[in-house]
2 protein chains.
Amino acid sequence: MTDKVPGKNLDVASQILRHATRLFAARGFVGASLHDIAEAVGIRKPSLLYHFRSKEDLRRSVLEQMLSHWSEVIPRILHASSSGEAQFDAIADETIKFFSEDPDRARVLLRELLDRPLEIAPLIELHVRPWAKILGDYIRRGQLQGTIDPLVDPEAWVASTINLVLSSVAVHAGLGRILAEGKRRKSVTPTFPPRLVHELKRMARSSLFLAPAAATATAPDGAPES
Amino acid sequence: MTDKVPGKNLDVASQILRHATRLFAARGFVGASLHDIAEAVGIRKPSLLYHFRSKEDLRRSVLEQMLSHWSEVIPRILHASSSGEAQFDAIADETIKFFSEDPDRARVLLRELLDRPLEIAPLIELHVRPWAKILGDYIRRGQLQGTIDPLVDPEAWVASTINLVLSSVAVHAGLGRILAEGKRRKSVTPTFPPRLVHELKRMARSSLFLAPAAATATAPDGAPES
DNA sequence: CCTACCGATCGGTAGG
DNA sequence: CCTACCGATCGGTAGG
């Protein structure tokens with residue numbers, strides 16, 4: 001239900017999804033009207049409702065599109081790198097990159113988590129649980145081998161760390177004031193600063209591994225972004 | 001469902017604030033109608049608008065009430081305990097307690113951060129910046145003394161850790177699925193589990209201090225709640 | 001993809 | 001603290 005056949009104009013449906021994502025992220029689901037979304041695309045409200053039968057349908061599609069994008073990136077890194085710290089780093093990098101390269105993803109997800117906690121539970125189950133379990137098992141193995149702090153609560157760590165990344169990206173525009181000294185950013189969607197990316201990764205690592213592993217933690221940079 | 005007081009009924013205005021906080025937290029500012037808030041209190045909409053001139057006024061009051069509560073608890077712990085790790089623990093405990101004893105506080109704040117990042121910036125400046133600076137200075141001192149990891153970015157750590165606590169409490173109902181194996185919680189406002197409280201504190205500590213300090217980190221319990 | 005229009009609900013006011 | 005009512009806007013439909 002995503003890709004239309006060629007020949008037509010630049011896929012109106014995906015244009016609608018783009019602006020719907022943007023406006024849902026900025027104003028919330030109830031706060032973003034179909035009228036405003038349609039105007040942003042350059043069409044009228046009834047035309048939007050031709051592509052998506054209802055606002056609820058649009059919401060579902062926005063979420064599906066985002067999660068399918070996520071489901072596309074995760075298996076790749078899960079099987080690519082060998083297990084161990086390399087895989088841990090790959091997952092961390094990819095997760096932070098996924099959200100920070102488009103903060104609207106984090107905002108829409110966070111809003112869904114707040115607006116409809118029970119309704120998205122199945123989606124969490126489907127899209128997060130699998131690799132959350134992989135991370136949890138990895139932690140337990142590390143605890144047996146003595147590389148990871150035995151005091152870590154694997155599932156709680158995973159849940160909290162996802163939360164940390166998600167919300168850091170989502171509310172950076174608001175909470176970033178603590179960081180920025182005198183800088184005034186009028187942009188509602190500022191770039192997520194590398195400085196925060198680096199600190200997020202450092203926090204995740206150092207709250208997990210027993211050996212400070214200064215060699216890797218001090219690596220010249222924090223995020224391979226090129 | 002509320003406790004009445006001898007003579008008058010228990011301050012209608014504060015009743016309105018209570019239910020407004022609850023409904024803003026659950027449905028967001030635009031999603032919670034004045035009609036529904038008034039009905040929850042047991043009055044009609046125009047009566048509510050006698051106590052609060054507008055919905056915007058109600059929003060401000062909800063936020064003010066919450067932040068004044070916060071401003072009441074913070075200076076106390078800032079001056080009470082001596083500096084050092086004791087003060088660090090006191091701040092961490094009090095912050096986690098403040099939000100986890102009423103998750104609606106975290107939800108309302110998180111929603112404001114998402115809905116109006118620029119508008120609440122002054123409030124962050126006023127209510128968070130001061131003790132965020134104290135924590136930042138404490139971290140820098142610890143780094144000079146060699147007790148805190150020199151790789152820590154003080155301001156980024158503070159911002160991220162606030163974020164971690166705030167969002168963990170706020171979206172626990174939604175993201176908690178990663179934790180709960182088979183348990184089904186129908187409650188929209190479940191109790192924030194001690195297990196998560198403990199892991200949050202552990203993460204905050206271990207991502208900061210150089211010496212694992214097993215003695216304190218393994219302390220019999222995670223939150224002094226009595 | 002449009003114009004025209006629907007009932008429902010929104011925040012807020014009049015007036016008592 | 002209430003009933004009655006306001007214009008504006010909401011999601012959605014008719015019909016082309």
Side-chain angles (χ1 to χ4, degrees), chain A residues 1-64 108 111-112 114-116 119, chain B residues 1-2 4-64 108 111-112 115-116 119:
Chain A
M1 78 171 61
T2 45
D3 28 24
K4 292 273 182 182
V5 281
K8 260 301 187 72
N9 59 8
L10 190 66
D11 201 350
V12 188
S14 70
Q15 280 266 68
I16 294 173
L17 280 177
R18 269 193 46 199
H19 285 101
T21 303
R22 189 174 56 84
L23 289 170
F24 285 167
R27 310 179 190 173
F29 181 72
V30 281
S33 68
L34 291 181
H35 172 265
D36 286 356
I37 296 169
E39 291 287 300
V41 177
I43 59 178
R44 308 284 159 242
K45 188 178 56 171
S47 308
L48 188 157
L49 285 165
Y50 165 76
H51 294 276
F52 299 89
R53 310 183 73 109
S54 69
K55 197 183 188 183
E56 194 53 41
D57 186 44
L58 185 55
R59 188 213 285 253
R60 244 192 318 274
S61 300
V62 163
L63 229 63
E64 269 173 22
V108 165
R111 284 189 186 278
E112 286 293 311
L114 286 168
D115 289 346
R116 310 162 32 121
E119 285 81 355
Chain B
M1 84 176 52
T2 55
K4 295 278 181 180
V5 134
K8 261 299 195 67
N9 59 8
L10 185 68
D11 198 353
V12 189
S14 69
Q15 281 265 68
I16 294 173
L17 280 178
R18 270 194 44 198
H19 285 101
T21 303
R22 189 174 55 83
L23 288 171
F24 285 167
R27 311 178 190 173
F29 180 72
V30 280
S33 69
L34 292 181
H35 173 266
D36 286 356
I37 296 170
E39 292 286 301
V41 177
I43 59 178
R44 309 283 159 242
K45 188 177 56 171
S47 308
L48 188 156
L49 285 165
Y50 166 77
H51 294 277
F52 299 89
R53 311 182 74 110
S54 68
K55 197 182 187 184
E56 194 54 40
D57 186 43
L58 185 54
R59 187 213 288 254
R60 244 193 318 273
S61 301
V62 163
L63 228 63
E64 268 172 23
V108 166
R111 284 190 185 277
E112 286 294 310
D115 289 346
R116 309 162 33 122
E119 285 81 354

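Residue numbering restarts at 1 for every chain, and letters A, B, ... go by the order of the sequence lines. Atoms considered below: every heavy atom in the structure, side chains included; atoms not considered: hydrogens, waters and symmetry mates.
In this structure, A:Leu34 places its CG atom 19 Å from P of C:dA8, rounding to the nearest Å. Here the C1' atom of nucleotide C:dC10 and the CG atom of B:Leu58 are 15 Å apart, to the nearest Å. Atom pair B:Glu56:CD and C:dG12:P shows a separation of 9 Å (rounding to whole Å applied). Regarding A:Glu39, its CD atom lies at a distance of 13 Å from the P atom of D:dT9, rounded to whole Å. The interatomic distance linking A:Tyr50 (OH) with C:dT3 (P) rounds to 17 Å, in whole Å. The distance between atom CZ of B:Arg44 and atom C1' of D:dC5, rounded to the nearest whole Å, is 16 Å. Straight-line distance from the CG atom of B:Asp36 to the C1' atom of C:dG11: 13 Å, rounded to whole Å. We find that CG of A:Leu48 is positioned 10 Å from P of C:dC2, with the value rounded to whole Å.
When each of D:dG12, C:dC2, C:dG11 is scored by its nearest atom to the side-chain atoms of A:Ser47, the top-ranked nucleotide is C:dC2. Of the candidates C:dG11, D:dG12, C:dC1, C:dG11 carries the atom nearest the B:Lys55 side chain, counting heavy atoms from C-beta on. Listed nucleotides: C:dT3, D:dC2, C:dG11. Nearest to the side chain of B:Pro46: D:dC2. When each of D:dC2, C:dG12, D:dC1 is scored by its nearest atom to the side-chain atoms of B:Val12, the top-ranked nucleotide is D:dC1.
The structure places CG of B:Leu63 at 11.5 Å from CD of B:Glu119, a figure rounded to the nearest 0.5 Å. With rounding to the nearest 0.5 Å, the separation of CZ in A:Phe52 from CG in A:Leu34 is 11.0 Å.
The pair A:Arg111-B:Asp115 meets the salt-bridge criterion, since a charged nitrogen lies less than 4.0 angstrom from a carboxylate oxygen.
Residue B:Ala38 is out of contact with every strand shown, counting any heavy-atom pair closer than 4.0 Å. Heavy atoms of B:Leu49 sit under 4.0 angstrom from at least one base atom.
Contact between the side-chain N/O atoms of A:Ser33 and the OP1/OP2 oxygens of D:dC10 is found at a separation under 4.0 Å. Between B:His35 and the phosphate of C:dG12, there is no side-chain N or O to OP1/OP2 separation shorter than 4.0 Å. Distances shown here put every side-chain N or O of A:Arg53 at or beyond 4.0 Å from the OP1 or OP2 atom of D:dG12.
Side-chain contact between A:Arg44 and A:Glu39: present, with at least one pair of heavy atoms (C-beta onward) separated by less than 4.5 Å.
A:Lys45 contributes no side-chain N or O that, together with a main-chain N or O of A:Ser33, makes up a donor-acceptor pair within less than 3.5 Å.
Base-pair partner of C:dA8: D:dT9 (Watson-Crick or G-U wobble, both distances under 3.5 Å). Nucleotide D:dG16 is matched to C:dC1 when pairs are restricted to Watson-Crick or G-U wobble geometry with both distances under 3.5 angstrom.
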